[in-house]
Each structure stands twice: as structure tokens, then as C-alpha cells.
Amino acid sequence: MKLYELTAHELGDMLKKGDITSYELTRSILYRVHTVENNIGSYITICEEEAMKRAELVQKKINAGLTRSPLAGIPVALKDNICTEGIRTTCASKMLHNFIPPYNATAASRLYEADTVLIGKTNMDEFSMGSSTENSFFKKTRNPWNTEHTPGGSSGGSAAAVASDETIFALGSDTGGSVRQPASFCGVVGLKPTYGAVSRFGLIAFASSLDQIGPITKDVTDCALVLNAIAGHDKKDSTCADIKHPDYTKALVKGIKGIRIGVPSEYIGQGVSARVRRAVLDSISVLKDLGAECEEFSLKMTQYAIPAYYILSSAEASSNLARYDGVKYGYRTKEYEDLYEMYVNTRSEGFGREVKRRIMLGTYVLSSGYYDAYYKKALKVRTLIYEEFEKAFEKYDVIAGPAAPSTSGKLGEKNGTPLDMYLGDIFTVPANITGFPALVLPCGFDRDNLPIGLQLVGKAFGESTLLKVGYNFEQSTGYHKRRASMERGEHQNEV
Amino acid sequence: MKIGKDTIEYVAKLARLKLTEKETDEMSHEIGAVLSYAKKLDELDTSAVKPMEHIIPLRNVFRNDNVEKSLGLEELFSNTPSKERGYFKVPNTF
């Protein structure tokens with residue numbers, strides 16, 4: 001067994017006992033990065049020297065008994081929209097290709113305080129806009145289960161890095177499914193915490209009312225450990241909830257008898273691939289066998305989530321991305337005569353195609369004459385979607401279904417129009433619109449051996465319930481133990 | 001639904017973007033398609049529904065007006081494309 005193949009909690013025990021050092025572990029990860037990174041392409045920036053230095057420092061702390069963090073000495077990768085002091089943070093955009101933040105995002109500083117070792121910054125869709133990581137300005141990332149396929153997105157680099165053992169765990173960000181969908185496609189565990197559970201300070205904004213940072217890990221136990229480290233109030237983010245978080249590892253106990261699970265018929269009906277449906281229904285049977293009370297019900301608002309999401313997220317994005325003007329930081333055009341031309345050329349040269357499309361859509365729905373018809377309408381539909389979920393949670397503790405309607409698509413294979421691509425987010429966006437937490441974990445494989453993810457949505461700040469159900473599922477199925485092949489698949493995609 | 005070329009050009013101006021002829025044409029189709037899909041929301045009667053901008057109630061965060069540690073000028077200007085004597089440098093605005 002190689003060190004890089006283990007989980008954070010296994011390695012944490014070994015580090016604590018003195019069986020291994022953080023130095024050896026970091027070297028093992030960097031060796032792995034050297035071996036597979038050419039094939040996978042998870043990282044935009046690799047911090048080799050810094051990582052080795054930090055591992056040495058942390059090991060001294062461990063030796064001296066100066067750290068109590070269960071993640072001390074564990075390697076981590078951060079999505080490249082999470083600011084890291086002194087380390088380039090690009091959002092996978094030409095606009096920020098040279099941006100070196102003078103401060104840390106709160107989530108990053110909490111991981112530093114937990115004595116983790118940063119390996120690098122991971123690839124993503126530019127400004128998190130996309131579902132395949134193909135919208136990166138820098139490079140393509142490949143799916144470790146079949147390198148002809150995408151890792152999903154937008155946190156595709158983080159998910160691929162965890163699945164290919166190029167890190168022990170990672171952080172991503174989730175605005176419409178950007179942690180959960182790549183976790184599903186790469187066969188790893190991904191959590192979008194309740195909106196406000198994790199500080200967004202230093203997370204480069206896409207859509208502020210929807211964005212949330214979340215862990216991507218090899219199993220549910222690691223997910224709980226990382227959530228413990230990053231969740232909690234932060235006065236630098238006025239939307240960060242001032243609540244006392246429980247110790248999430250306390251949820252990792254056997255027994256889910258009596259837990260009520262609702263399965264929306266819309267989530268297993270038309271438009272869902274046969275193999276995904278089968279895997280999800282099999283998972284529901286497993287949960288039933290474990291003592292959960294499962295039944296089908298209807299979430300009629302499902303069909304309205306996508307249009308509401310694309311209006312709201314694009315509107316917020318057009319406003320958030322107005323700051324990129326070539327004045328204070330980031331890219332500035334070389335061709336300009338006056339200020340207006342400097343703005344326009346900087347933005348037209350600095351942003352990629354998908355980002356421009358979202359800015360245009362957002363500007364349109366916020367412009368006078370269309371504000372009420374589109375933006376305000378979407379805000380009202382958001383209320384209706386929220387109320388329908390609230391009502392469902394009177395009856396159920398957890399809402400279960402697939403993370404995505406299908407498994408990962410092939411690289412370069414554009415899934416039709418932008419609208420067709422947006423429809424792939426149908427099961428993930430409701431948790432962003434409503435703010436509810438959602439956990440994705442591996443629950444099977446299709447005929448091409450591509451992973452399928454089960455999604456569990458919970459009540460606000462009900463992460464413990466999700467982790468408990470997820471933990472019990474994982475312990476009785478063992479899908480999380482299967483490792484990616486890192487090879488080109490020989491099979492044809494399932495029709 | 002296709003959005004008119006004039007509208008696309010107007011919105012691009014608002015967004016401080018310059019689109020090529022080809023981009024303008026593509027956007028008018030693509031944004032049109034998303035907007036016609038969004039018309040689906042009109043199936044719902046929302047006349048008595050309150051809009052929801054944020055999921056959790058927003059409260060201002062106050063602190064006492066004491067001097068705290070903050071970033072220095074050098075750090076603040078470390079990413080600035082063009083600067084002079086502690087100022088951001090841009091073309092003439094008047």
C-alpha cells in the first residue's frame with residue numbers, strides 16, 4: 001500500500017503514532033503528482049518547494065506535541081478560486097493569470113491553522129462557469145477513471161486530484177453543483193455545506209447568494225474531518241452564519257433505523273440514464289435494508305430550478321465580474337487610447353467565451369425593462385422552490401437521488417447548445433437555490449466503469465444527518481474503496 | 001426566440017464588452033434560447049409570492065472604530081498593472 005492511496009484519517013493515525021512523517025507523506029504525494037499529472041492535469045500551480053518546507057515545519061510541531069489537529073501533516077489541494085497568500089490564484093482565467101493574493105481566504109487560513117500541507121491549486125472552469133473543466137484558460141483535466149472523459153466541473157481539478165491520489169483531499173466551490181457533479185463523475189465524496197456554514201471571504205465570487213466552499217475527499221469520514229476544520233463563523237463574511245457547529249465526526253456511527261428518506265420521482269424519471277437510475281434505486285434498497293424508511297414523492301418545482309438558476313447566477317455574476325477593469329489587479333490590455341477603450345479591451349481579451357455569455361445574459365436580465373420579467377420573477381420562483389423543499393422536510397430527513405442525470409461525457413464532445421449543457425445541472429442547482437446542504441458519494445459504475453454518484457440533500461445545517469446516512473451507506477457498500485484506473489477506456493460509452 | 005442584434009450590441013456596451021460580428025450572431029441565438037426557456041417560469045403564478053434574494057437574513061457586521069492590522073500600500077499595489085507614487089495609473093479621464 002502506497003501512502004498516497006490512503007485517507008486523511010488513516011494517515012492522521014499513522015502520523016500521530018509516529019509510524020510515518022509528514023515529510024515522507026508529502027514526498028509520496030509529490031512523487032505521485034510527477035507520475036500521473038501529465039496524464040490527468042489536475043493542477044494549475046504545484047507548490048513543490050513550499051510543500052516540502054511546510055511538511056518539515058509541521059512535522060516539528062507534531063514531534064513537539066504542539067498540534068492537536070487531526071489533519072496535521074495531511075496534503076491538500078485548493079481550487080484555484082480560493083485565495084492563497086503569495087501563491088498565484090487565477091480562477092483559470094486570463095484575467096487573473098498573474099494574480100498573487102496578498103491575503104488568504106478564510107477557508108485556506110483555517111486549513112493552514114489545522115497544519116495541513118498545501119500541494120497546489122487545481123484546475124477549474126473559468127470563474128467556475130462550466131460543468132467539464134474544459135472552460136479553463138490554461139489546460140484540460142482528464143477523468144482518472146477514463147482519460148478520454150472529462151472530470152466534470154467546475155471543480156474538476158480538485159475532484160480529479162483526489163481520485164488520482166495527487167492529493168489526500170481538496171476543497172472546491174459549489175454554485176450550481178460544482179463540487180458535487182465532479183465528485184460524482186470522479187467517484188469521490190463531495191459536500192456542499194449549508195449556505196453560510198463556511199466563510200466565503202477570499203473565495204473569488206461567481207454568484208454570491210449561491211457560492212459555497214466544500215470538501216472533496218476519499219470517504220465520508222474525511223469529509224467530516226475537513227468540514228470540522230473549515231466551518232464556522234467569520235466576521236469577514238456577513239453571510240456566514242453565527243451558529244455553533246457540532247463535531248461532525250460524532251455523526252459517524254452505525255445505525256440509520258427510522259431515518260425518513262424521500263426520493264423525488266422527478267429525479268429518477270425521464271432524462272435520467274438507465275444505469276444511473278438503476279444504481280440510485282439499488283442504493284435506496286441498501287438504505288432500506290439498513291433500516292431507513294424510504295418512499296417516492298413528487299418535487300414538482302424541479303423543472304423550474306434550471307431557468308431560475310441561470311437567471312439568478314448570471315445576474316449576480318455580471319455584477320460581481322464588473323470589478324475586472326484592468327485598473328487595480330489582473331490583466332490589462334495593451335491596446336487602448338482612452339479609459340472606456342481600456343475597460344472594454346481588457347474585458348474582451350481577458351474573459352473567455354462562456355464567461356462573456358453569462359455576463360451578457362446577466363446584464364440583459366438586470367437591464368431596465370427586463371428586470372421584473374426575468375430577474376424578479378426568478379427570485380419569486382426561488383421562494384416557491386424553497387417552500388416546496390421546506391414542506392418535503394416536514395416529512396423526510398433526507399431527500400435522495402442521483403447527482404447528475406448521466407455519467408461523465410467525453411472530452412471535446414460538446415453536449416449540444418449551452419442550454420443542453422445547463423440541463424445537466426438539474427439535480428444539483430436546487431440545493432444552491434435553497435441553501436440546503438447536499439452530500440454526494442459513489443454508489444456504482446456504468447458499463448464503461450465510470451462512477452455514478454448518490455446525492456443526499458438535508459435540512460439547513462443538517463450536515464450531521466447527511467454524513468451519518470452517507471457513512472452507513474459507504475460502510476455497507478464499499479464503492480469508495482475502488483480506485484481509478486488512470487487509463488484510456490476501451491469500451492464505448494453506454495447509449 | 002432570437003434576440004435582435006441591436007439589443008445584443010446595447011447589452012454588450014452596458015457590460016463593457018466588445019463582440020465580434022460572429023460572437024454577436026451566436027449570442028443572439030444562445031441567449032435567446034436560454035431566455036425562451038426561462039419563459040417557462042411564467043407558467044407559475046407568483047403574484048402573491050415574495051422574492052428571495054438571500055437564504056439567510058443579512059445583518060450588517062459592526063466593529064468598534066479601532067485601528068487594526070491591515071495590508072500596507074506595497075501589498076495592496078502588488079498586483080497593479082500600472083501605478084505611480086501610490087496611485088493607480090489610467091489614461092486621461094477628462
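All figures in this text were calculated on a predicted structure; none of them were measured in a lab. Chain letters run A, B, ... following the sequence lines, proteins first and then strands; every chain starts at 1. These numbers come from the heavy atoms of this one structure, side chains and all, not from hydrogens, waters or symmetry mates.
In terms of modelled atom types and a separation under 3.5 Å, the side chain of A:N320 and the main chain of A:F206 share a donor-acceptor contact.
In this structure, the portions of B:E75 lying under 4.5 Å from any heavy atom of chain A include both its backbone and its side chain. Looking at B:L35, the atoms closer than 4.5 Å to chain A (heavy atoms on both sides) sit in the backbone and in the side chain alike. Within the 4.5 angstrom heavy-atom criterion, only side-chain atoms of B:F88, from C-beta onward, approach chain A. Proximity to chain A (any heavy atom under 4.5 Å) is shown, for B:I8, by both the backbone and the side chain. Looking at B:L71, the atoms closer than 4.5 Å to chain A (heavy atoms on both sides) all sit in the side chain, from C-beta outward. Both the backbone and the side chain of B:K40 come within less than 4.5 Å of a heavy atom of chain A. No part of B:K83 comes within reach of chain A, as not one of its non-hydrogen atoms sits under 4.5 angstrom from that chain.
Using a cut-off of 4.0 Å between Lys/Arg side-chain N and Asp/Glu carboxylate O, A:E387 and A:K391 are scored as not salt-bridged.
For the options B:L44, B:L19, B:T80, B:V90, heavy-atom pairs under 4.5 Å to chain A are most numerous at B:L44. Most heavy-atom pairs under 4.5 Å with chain A: of the set B:V49, B:V61, B:V11, B:L41, this distinction falls to B:L41. With respect to chain A, the highest number of heavy-atom pairs below 4.5 Å among B:S82, B:A33, B:S78 belongs to B:S82.
Not less than 6.0 angstrom separates the ring centroid of A:Y324 from the ring centroid of A:Y331. With ring centers used as reference points, A:Y375 lies 6.0 Å or more from A:Y370. Taking the centre of each ring, A:F201 and A:Y103 come in below the 6.0 Å mark.
Applying the salt bridge (charged side-chain N to carboxylate O under 4.0 Å, His left out) test between B:E30 and each of A:R353, A:K356, A:R358 identifies A:R353 as the sole match.
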